[in-house]
Amino acid sequence: MTLINRLCGVVAALAVTLQFSANAEAGAPQQKTQAPGYYRLMLGDFEVTALSDGTFQMDAGKILTNITPKELDAALARSFLKDPVETSVNGFLINTGSKLVLVDTGAGTLFGPTLGKLLSNLKASGYRPEQVDEIYITHMHDDHVGGLSADGKRVFPNAIVRAAQQEADFWLSKAHMDAAPQDRKDGFQSAMNMLNPYVSAGKFKPFNGDTELVPGIRAVATPGHTAGHTVYVVESRGQKLVLWGDLMHAAAVQFPDPSVTIQYDMESGMAATQRKKVFADAAEKRSWVAGAHLSFPGIGHLRTAGSGYAFVPVNYGALN
Ligand SMILES: [Zn+2]
């Protein structure tokens, strides 16, 4: 073999090696998506579908109240979290067999691009917005009513929207908006933008106090976070699921210590009282619970733990 031949052999081998390592470096492209954000659970005869609207970064240190920075850091560290905390926004769809009921609608376009995915997840879960018969609103903050309308039109054209009368009286009142501080006026305007297309179509029907809305689903007044905050209790064949809305926001902090509050509470003392009452009831009755801001799918149980509670997320169920 001549020197030239040997050199050619070495160069060829080197080229093959470089080729291999280049391929290994490129690898398969990372996908960076999750599965469609829905999770199904049977509750007696009812089918419950948790729908993800997405997540947002919650600046816990800035907005949680009645807690010291040191206590907050310790509570987050115990749950392997750091501030800001990635926080879910969830809605819940209940098919009772005769009615399709959606509880809360996510943020729509009001909270930026990481939210507003509830509608696409509802479709991915096998339903169409026209099939929704009723929509129950826990309260009228942006991240709960933002998915109701788009460009001034109803996203759910056949649905009746229901919420507590006190909630409607507060957020849909121009007088209240005018009296609110400048930085709070937007909240009123967006509630009006979202609800008014239903109001003018005769499809908004507020209710008063604790009321059964369809067989198996009833509203329970829990004012505090807002004036007309409502939880919805779903029951079928002896099984019970309580949809909490915004009774709590920060699982890592408020389960161990339900007295921790949040700036957005209208009456933080009353909000904490409602939270303690509903937590105690859930732990005692061993009922299912679901939260709008619990990590998706946001469904599970509560048990007592020390002076507070621990949340046990739903065990995965294949439903077949
Ligand atoms: Zn919320």
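Order of listing sets the numbers, starting from 1, for every ligand and every atom in it. Just so you know, these numbers use all the heavy atoms, side chains as well, and skip hydrogens, waters and symmetry mates.
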Exercise for the section: Report yes or no: does Lys185 contribute a side-chain atom to a donor-acceptor pair with the main-chain N or O of Asp178 at less than 3.5 Å? Expected result: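 Yes, Lys185 side chain to Asp178 backbone: donor-acceptor pair under 3.5 Å.
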Exercise for the section: Would you please indicate if the ring centroids of Trp244 and Phe92 are separated by under 6.0 Å? Expected result: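 Aromatic pair excluded; centres sit 6.0 Å or further apart.
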Handout entry: Check: His144 ring centroid to His293 ring centroid under 6.0 Å
Key =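 They qualify: ring centres under 6.0 Å apart.
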Exercise for the section: Specify whether an N/O/S atom of His144 falls short of 2.8 Å from the Zn ion (ligand 1). Expected result: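 Yes, His144 qualifies, because one of its backbone or side-chain N, O or S atoms lies under 2.8 Å.
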Problem - Heavy atoms from other residues, nucleotides or ligands near OH of Tyr127 exceed 12 (cutoff 6.0 Å) - result: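 It does: Tyr127 OH has more than 12 such atoms within range.
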Problem - Angular separation of His293 NE2 and Asp246 OD2 about the Zn ion (ligand 1), given to 10° - result: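 Reported to 10°, the angle equals 110°.
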Problem - the Zn ion (ligand 1) - name of the N/O/S atom of Asp143 that sits closest to it - result: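 Checking each N, O and S atom of Asp143, the shortest distance to the Zn ion (ligand 1) belongs to OD2.
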